[in-house]
Amino acid sequence: MIKRFFILSSLCMVLGVSAQKSHTVVQGDNPYNIAKKYGMTVDELLKLNPKFKDGKLAIGDVLTIKSDKAAVPAVTKTAVAEKVKTSAGTSIGKIVLQPKQTIYGITKQYRISETDLRKLNPELDSHMKIGDEITLPLESIKKYGGSQQAVVTAEKPVETPVENPVAAAHTEGEAYVIQAKDNYYRITKQFGISQQELFALNPGLEEKGLKPGDSIKIKKSTADNTVAEPANPKAKIDSEAGKPSSSVSNVTVADDYVTYTVQQGDTVFSIVNKFGVSIDELIALNPDLSHGLKTGMVLKIKKQDPAYVKKNGDALSVVLMLPFGYSTNETQYRGMALDFLTGAKLAIERNARGGQKLDIKVVDSGNEASFRNSLTQINPDNTDLIIGPFFKSNVIDVLDFTKNQKIPIVAPFANSPELYNYNNLIIVETNNQTYADKIVEEVKSVYSDQKIYVVADTKKENASYIKTGLEKAVKNPNIVIVNSPAEIQLDQNMMTGQSAPVIAILANDNDGVGDAFANRLIALSKEVQGVKAFSMFYSPAFEKRVDDLSQASLVYLMDRKINTDGSFEKEILAAYKTKYCKTPPKYAIVGFDVVNDMLTRENKKGEIFKQMNKVQTQLATKFEFVKSKANGAYVNTGYRVIRLVP
C-alpha cells in the first residue's frame with residue numbers, strides 16, 4: 001500500500017497572473033465582495049478568471065481584475081485545532097485547513113471515508129480554503145492529527161439504542177431514532193403519515209436516505225405550521241407575491257420565478273448551483289444580498305426549464321444496456337459486461353434496502369451490427385433512466401431513439417465532443433483534455449527554465465496539447481516531444497558544463513511505456529537531483545516503486561482510487577466478497593460506482609438533473625459534473641492527483 005502520497009481535488013487550482021491589474025485573495029474574500037470592490041459584476045470577474053468559475057477561492061490566489069487598484073497582500077494562518085463540539089453519540093473536533101491539505105488527503109490521514117467526512121461537513125466543497133475549519137471525529141484527530149491536535153475536548157456519553165421504536169418516539173416527543181431494519185414504508189405505516197409528509201418534515205432526507213442512529217421528525221409541531229419570517233422586508237414582499245414560504249416547504253412557485261427560503265448551511269454558491277442561475281441574476285432579483293446571506297431570507301430565483309420527471313408509478317424504471325453479445329455469440333466484451341453487472345447489482349440491492357423502489361431491466365446491447373435490435377426491448381414511454389450502452393455510436397443511437405422523451409442517459413465509458421450537445425446525457429469518463437490541463441498547471445507551478453520532455457503515444461494528440469498549453473503558460477519553454485522514455489536526457493549547464501535536471505511528462509497510457517518511464521526517471525534521479533516527473537495516466541509501476549520515484553517527485557493522475565481505510569469502502573468491499581467470494585475486479589467497481597452514484601442522485605420524482613451539482617465519491621470514482629455548455633451534456637471532471645514526495 002502506498003504510504004507516501006498526497007491527493008488533491010480536481011478543482012484545487014492556483015492561477016498565476018501578472019502583478020498589474022490583479023487582486024490577491026485574503027481571508028474573508030469572496031467573488032461578490034471582490035467584484036464590488038473593483039466596480040465589476042461577479043460574472044465579469046469570473047469570465048476574466050475562468051479557472052475560478054466555481055467560485056472557490058483560496059488565500060493567496062491571484063485574480064485578474066479590470067482596475068488599477070493595488071492588490072491586498074495575502075494573509076497566512078498557522079496550524080491549530082479548534083474547540084470541539086459534540087454530536088449525538090460521538091465526540092467531534094475541528095482542525096484548521098492547511099496548505100496542500102485536500103479532501104482525499106484528509107480521508108487518508110484521519111482514516112475516515114469521504115462519505116462520512118461529507119456527513120460531518122455538508123458544505124465541504126465550499127470550505128476547502130486555507131484557514132477553513134473541518135469537522136472530524138475527535139478520536140481520529142487525537143490519533144492521527146500530529147500537529148493538528150485538538151486543543152480543547154468535549155465528551156458526551158454514547159447513547160443507548162432504543163429497542164422499542166414506538167416508545168422512542170414518545171420519549172423524544174416529535175423525534176424518532178432510525179433503526180437498522182427501518183425503511184420509508186415501515187416508518188410511514190407505523191406513524192400514520194405519508195412519505196410526502198415525512199420528507200416535508202425532514203428536508204434533505206429523500207436525498208440522504210435513512211441512516212441507522214439518525215434522528216428524524218415524525219410528527220408536525222406548531223413551528224412547522226407557521227410561516228417563516230423573512231430576514232428583510234423586500235424578501236417578505238417577494239414571498240407574498242407567490243406562495244407563503246414555510247419551514248415545511250422552502251421552495252414556492254410564482255408566474256415568472258420561484259422563491260426559496262434560505263436554510264442553515266446555505267451559501268450563495270450552493271444556491272446558484274442548486275437552481276442553475278448566475279450570481280448576477282440572483283443579485284438582480286435580490287438586491288439585499290449585498291448585505292449578506294441570512295438563514296430565513298426568501299429569495300427570488302429565475303424559473304428554469306422544467307426538469308425531467310419520471311413517467312408513472314412509485315418505482316423508478318431503470319434500463320441497463322450491457323454488451324453481453326449472446327444474440328450474436330460474440331464474447332469480446334462479455335467479461336467486461338458481466339463484471340459491470342455484478343457491481344451494479346450490489347448498488348441496486350443497497351438502494352432498494354434503503355427504501356428506493358426500483359424496476360430494473362437488463363438489455364443485451366450486442367455488438368455494433370445488432371445493436372439497433374436491442375432498442376426494441378426498451379419502451380421509451382415507460383423508462384426513467386438508461387445506464388449504458390458502452391460505446392459512442394450506440395450512445396448516439398439511444399439518444400436519437402429517446403429524443404422525444406428526454407430520458408436521462410448515462411454513458412459509463414464514451415466521452416467525445418460529439419456527445420456534448422445532448423442535454424439529457426450524463427458522461428462519466430473524464431476526458432484526456434481535462435487531465436492534460438491539470439498537467440500543464442502542475443508543471444507551471446514548478447517550472448524554472450528546465451528543458452521539458454513529453455513522451456507521446458502514436459497519435460501524439462495528448463503530447464501536442466500539453467506542449468501548446470505549456471508554450472502559453474511558461475516563459476521561454478524548451479519542449480521536446482519524444483516517442484520513448486529512453487530519449488529523455490539530462491540537460492547541460494552552459495556555464496559549468498555539468499548535468500542539469502529536466503522535467504519529464506508521460507502522455508501515453510500504455511503500461512509498458514509507463515514501466516519504461518519509471519525506470520528512466522529512477523536512473524536520471526540517481527545522476528542528478530531535481531528531476532521532476534508528471535504523468536497524465538496511472539501505471540502499475542508507479543505503485544511498485546514508490547520510494548525510488550519519490551526522488552523525482554512524481555505527480556500522476558488517476559480516475560479511480562479506493563481508500564481502503566474508509567468505513568464506506570470497507571463495507572462495500574466486504575459486501576462484494578460475501579456475495580461473489582472475491583475482490584471486485586475493475587469493471588465491477590465501475591458498475592457499482594456508476595449505478596450507485598446515479599441512484600443516489602434520483603429523488604422520488606426522478607428529477608436526477610436537479611442533483612447533478614453534488615460532488616460525490618463512491619467506492620473508487622469521484623463524480624464532479626459540469627455542464628459542457630449552456631444547454632449541453634453533464635461531463636464528469638472528477639479525478640485524483642497523486643504526489644510522491646521524498
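Everything numeric here is computed off the predicted structure, so don't read it as measured data. Both backbone and side-chain heavy atoms feed into the values below; hydrogens, waters and symmetry mates do not. Position 1 is the first residue of the sequence; numbering continues from there.
The shortest heavy-atom contact between Ile387 and Val595 is CD1-CG2, 3.9 Å. When all heavy atoms of Ile409 and Gly388 are compared, the pair lying nearest together is CG2-O, 3.8 Å. When all heavy atoms of Phe592 and Leu619 are compared, the pair lying nearest together is CD2-CB, 4.0 Å. When all heavy atoms of Ala518 and Ala541 are compared, the closest pair comes out as CB-CB, 4.2 Å.
With sequence neighbours excluded, no residue satisfies ring-ring contact (aromatic ring centres under 6.0 Å, His included) with Phe537. Residues satisfying the ring-ring contact (aromatic ring centres under 6.0 Å, His included) test with Tyr634, not counting sequence neighbours, are Phe609. Partners of Asn424 under the side-chain hydrogen bond (donor to acceptor under 3.5 Å, both in side chains) rule, at least two apart in sequence or in another chain, do not exist in this structure. By the side-chain contact (heavy atoms from CB on, under 4.5 Å) test, Lys579 pairs with Leu346, Glu349, sequence neighbours left out. Residues passing the side-chain contact (heavy atoms from CB on, under 4.5 Å) test with Ser553, sequence neighbours excluded: Lys532, Pro646. Contacts of Tyr435 classified as ring-ring contact (aromatic ring centres under 6.0 Å, His included), with partners at least two apart in sequence or in another chain: Tyr639. Contacts of Lys361 classified as side-chain contact (heavy atoms from CB on, under 4.5 Å), with partners at least two apart in sequence or in another chain: Val319, Val363, Gln377. Scored by the side-chain contact (heavy atoms from CB on, under 4.5 Å) test, Gln433 finds Asn431, Asp437, Tyr465 as partners (sequence neighbours excluded). For Ser113, the side-chain hydrogen bond (donor to acceptor under 3.5 Å, both in side chains) partners two or more places apart in sequence, or in a different chain, are Asp116. Under the side-chain hydrogen bond (donor to acceptor under 3.5 Å, both in side chains) criterion, Tyr576 pairs with Thr342, not counting sequence neighbours. Residues satisfying the side-chain hydrogen bond (donor to acceptor under 3.5 Å, both in side chains) criterion with Thr621, sequence neighbours excluded, are Arg560, Asp593. Every residue meeting the ring-ring contact (aromatic ring centres under 6.0 Å, His included) condition with Phe390, not counting sequence neighbours, appears here in chain and number order: Phe340, Phe413.
Between Arg350 and Ile572, some side-chain heavy-atom pair lies under the 4.5 Å cut-off. Counting only heavy atoms from C-beta outward, the side chains of Ser628 and Leu419 never approach each other to under 4.5 Å. No side-chain heavy atom of Asn432 sits less than 4.5 Å from a side-chain heavy atom of Asp509. Looking at heavy atoms from C-beta onward, Tyr110 lies out of side-chain contact with Leu117 at the 4.5 angstrom threshold. Between Ile112 and Pro137 the shortest side-chain heavy-atom distance falls below 4.5 Å. Inter-residue side-chain proximity for Ile106 and Leu136 is flagged as met; some heavy-atom pair is nearer than 4.5 Å.
Taking NZ from Lys561 and CZ from Arg640, the interatomic distance works out to 9.5 Å, rounded to the nearest 0.5 Å. Summarising the geometry, atom CG belonging to Leu358 is positioned 10.0 Å from atom OG belonging to Ser317; distances are rounded to the nearest 0.5 Å. One distance of note links CG of Leu573 with OG1 of Thr578; it measures 10.5 Å at 0.5 Å rounding. Residue Leu201 holds its CG atom at 9.0 Å from CD1 of Ile216, rounded to the nearest 0.5 Å. Atom CG of Asp339 is separated from atom NZ of Lys586 by 11.0 Å, given to the nearest 0.5 angstrom. Separating the CD1 atom in Ile608 from the CD atom in Glu602 is a distance of 4.0 Å, to the nearest 0.5 Å.
Among Val395, Asp597, Leu385, the single residue meeting the side-chain contact (heavy atoms from CB on, under 4.5 Å) criterion with Val410 is Leu385. Evaluated for a side-chain contact (heavy atoms from CB on, under 4.5 Å) with Lys614, the options Met612, Gln616, Lys610 yield exactly one hit, Gln616. Applying side-chain contact (heavy atoms from CB on, under 4.5 Å) to Val555 and the options Val645, Val641, Leu644 leaves one that passes, Val641.
Here the side chain of Gln109 pairs a donor or acceptor atom with the backbone of Tyr144 at under 3.5 angstrom. Without hydrogens or angle criteria, Gln356 side chain to Leu599 main chain gives a donor-acceptor distance under 3.5 Å. Proximity of a side-chain donor or acceptor of Glu429 to a complementary backbone N or O of Ile427 within less than 3.5 Å is not detected. The closest donor-acceptor contact from the side chain of Arg118 to the backbone of Thr617 lies at 3.5 Å or more, if one exists at all. With hydrogens and angles ignored, the 3.5 Å screen pairs no side-chain donor or acceptor of Asp515 with any backbone N or O of Asp511. With hydrogens and angles ignored, the 3.5 Å screen pairs a side-chain donor or acceptor of Asn121 with a backbone N or O of Thr135. Side-chain N or O atoms of Lys577 include none that pairs as donor or acceptor with a backbone N or O of Thr583 at under 3.5 Å. Asn636 places a side-chain N or O within 3.5 Å of a backbone atom of Val428 that can act as its donor or acceptor partner.
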Query raised in the report: Given Val446 and Phe534, is the side chain to side chain contact (heavy atoms under 4.5 Å, CB included) satisfied, shown in steps?
Result: CA-CA 11 Å; Val446 302; Phe534 303 86; 3.7 Å; yes
Report task. Show your reasoning for whether side chain to side chain contact (heavy atoms under 4.5 Å, CB included) applies to Phe542 and Ser535. Result -> CA-CA 10 Å; Phe542 298 163; Ser535 177; 3.8 Å; yes
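A donor-acceptor contact closer than 3.5 angstrom links the side chains of Asn415 and Tyr420.
Between Lys142 and Glu139 no salt bridge is recorded (no basic side-chain N to carboxylate O distance below 4.0 Å).
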